[in-house]
Amino acid sequence: MNSALLTPLFLAGLCMASAPATSPDTSNDGKQHTPPSRQDISAYLGYESAVILKNNSLRKKDIDLPAFRKAFAATMKNKPNLEQFNAYVDSIQPTIDAATHQLEQRNLKLATDTLQISRNFLEENGKKPGIVKTSSGLQYRIDQQGAGSAYDEEQHGENPLYSVRFKLLLMDGTLLIDKTEKAIETSDSIGLEGFDEALTLMPVGSKWTLYLPPHLAFGDATIYQDGICIPGNSVIIIEAELQSIKKDTRVIHPDGTVTDRPTQ
């Protein structure tokens, strides 16, 4: 946690305080839409504020709600500028530093505790029927073996494009990502080494359940994503369905645009 996390909350309050009253709006479709109510806006800001705080390791018990409401009300009433805000943050920097250290220690303990849980999970999971373990430590179970071909460097190139549907879960079943409704086309499988390895092994049409040890997943760093905590040293479970593999013929230009590689 650092002072930067306070800025979005400050700006949100400042913008809301200075926003004019809303009236029916005509959107691009030509229809009038009733603007959101104060209750809707407040609920949204409350949700966004909580997500920002949770993404910085804070829990409800870390927040003094009366003090939070008092500071929020004062900010909304007085509309302080950013210079005043930054001066205030500087004045409480020792408190911020102490809180940051406390949260770092909390995350370190969480990662240490999770490491043993992950080791136990992988040890027991590896004994189950149908579980295959590779030399890297990746474990997987074949739920449906596809009839298509697997990755071949000569045919598909060094960095092929995979079309895949998948779910990412924690050991307790917490859903992190769900891309099962529509397959995504990717060349790096969202950057997880264990997922990359599995995609090179799966025949097209296969459905596998993957068990990624920490060093093949997110490592030892605790991550907070959309208000969900991914403890350091977590095993990541992936339910994957590989739909196709093809050679990547795209050209990615310096400005970020993507075009097809011209044919010879």
Side-chain angles (χ1 to χ4, degrees), residues 51 55 118 122 125 130-264:
V51 168
N55 284 349
S118 293
L122 291 170
N125 192 64
I131 296 296
V132 180
K133 183 177 179 180
T134 71
S135 59
S136 70
L138 170 69
Q139 296 182 5
Y140 64 87
R141 183 184 70 233
I142 300 174
D143 303 312
Q144 173 183 303
Q145 187 74 323
S149 59
Y151 166 71
D152 177 81
E153 184 173 351
E154 183 174 346
Q155 177 184 354
H156 301 119
E158 187 176 345
N159 296 298
L161 280 175
Y162 299 99
S163 180
V164 59
R165 298 174 188 259
F166 65 92
K167 283 184 182 179
L168 254 67
L169 306 104
L170 294 177
M171 288 179 287
D172 63 2
T174 299
L175 180 65
L176 302 177
I177 298 175
D178 188 345
K179 297 293 183 182
T180 55
E181 286 193 9
K182 183 179 180 181
I184 68 166
E185 200 169 66
T186 178
S187 59
D188 63 2
S189 71
I190 67 173
L192 296 179
E193 187 177 342
F195 200 1
D196 283 335
E197 178 184 349
L199 288 176
T200 65
L201 301 175
M202 296 174 68
V204 170
S206 294
K207 295 181 181 180
W208 290 10
T209 300
L210 317 176
Y211 304 90
L212 276 58
H215 69 279
L216 299 179
F218 293 110
D220 60 4
T222 296
I223 301 170
Y224 292 83
Q225 174 181 297
D226 297 329
I228 298 175
C229 174
I230 306 175
N233 295 317
S234 287
V235 169
I236 298 298
I237 301 171
I238 304 177
E239 299 173 1
E241 177 185 356
L242 181 59
Q243 297 193 323
S244 69
I245 312 172
K246 65 181 182 181
K247 191 169 186 176
D248 190 354
T249 59
R250 302 172 304 166
V251 176
I252 302 176
H253 301 279
D255 63 358
T257 58
V258 179
T259 60
D260 288 331
R261 192 181 306 276
T263 56
Q264 300 297 326

- Item | Interatomic distance, T222 atom OG1 to I230 atom CD1 [nearest 0.5 angstrom] | 9.5 Å
- Message: As an exercise, state the distance from CD1 of I237 to CD of Q139, rounded to the nearest 0.5 Å.
- Response: 10.0 Å
- Rounding to 0.5 Å, atoms NZ (K207) and CZ (R141) come to a distance of 12.5 Å
- Roughly how far apart are L199 CG and T186 OG1, rounded to 0.5 Å? 8.0 Å
- Item | D143 side-chain N/O to T209 backbone N/O, donor-acceptor pair under 3.5 Å | yes
- Message: Restricting to non-hydrogen atoms, name the atom on Q243 and the atom on A183 that form the minimum distance, rounded to 0.1 Å.
- Response: OE1-CB, 3.1 Å
- Message: What I'd like to find out is whether the side chain of L176 reaches to under 4.5 Å of the side chain of I236, using heavy atoms alone.
- Response: yes
- Message: Within the structure provided, determine whether F218 and L192 are in side-chain contact (heavy-atom separation under 4.5 Å).
- Response: yes
- CD/Q155 to CD/E153 distance, rounded to the nearest 0.5 angstrom? 12.0 Å
- Task: Evaluate the side-chain proximity of L212 to L138: yes if any heavy-atom separation is below 4.5 Å, no if none is.
- Result: yes
- Message: Looking at every heavy atom in both Q145 and I142, which two are closest together, and how far apart are they?
- Response: OE1-CG2, 3.6 Å
- Message: When you compare the side chain of P214 with that of D220, does any pair of heavy atoms fall below 4.5 Å?
- Response: no
- Note on the structure: Interatomic distance, OH@Y211 vs CG@L216, rounded to 0.5 Å, equals 15.5 Å
- Task: For the residue pair F166 and F195, categorise the inter-ring angle as parallel (less than 30°), tilted (30 to 60°) or perpendicular (more than 60°).
- Result: perpendicular
- Item | W208 side chain reached by L242 side chain, heavy atoms, under 4.5 Å | no
- Message: For Q144, I'd like to know if atom CD has over 12 heavy atoms of other residues, nucleotides or ligands within 6.0 Å.
- Response: yes
- Query: Where do E193 and H215 come nearest, in terms of heavy atoms and distance?
  - Reply: OE1-O, 4.1 Å
- Message: With a 4.5 Å cut-off on side-chain heavy atoms, are T174 and L169 touching?
- Response: no
- So, for E197 and S136, which heavy atoms are closest and what is the spacing to 0.1 Å? OE1-OG, 2.6 Å
- Polar side chain donor-acceptor pair, N233 to S118, under 3.5 angstrom: no
- Between A150 and I245, what is the shortest heavy-atom contact and its length? C-CD1, 3.9 Å
- Below 4.5 Å, heavy atoms only, C-beta onward: do Q225 and I177 meet side chain to side chain? yes
- Query: Of all heavy-atom pairs between S234 and A217, which one has the smallest distance, and what is that distance?
  - Reply: O-CB, 4.3 Å
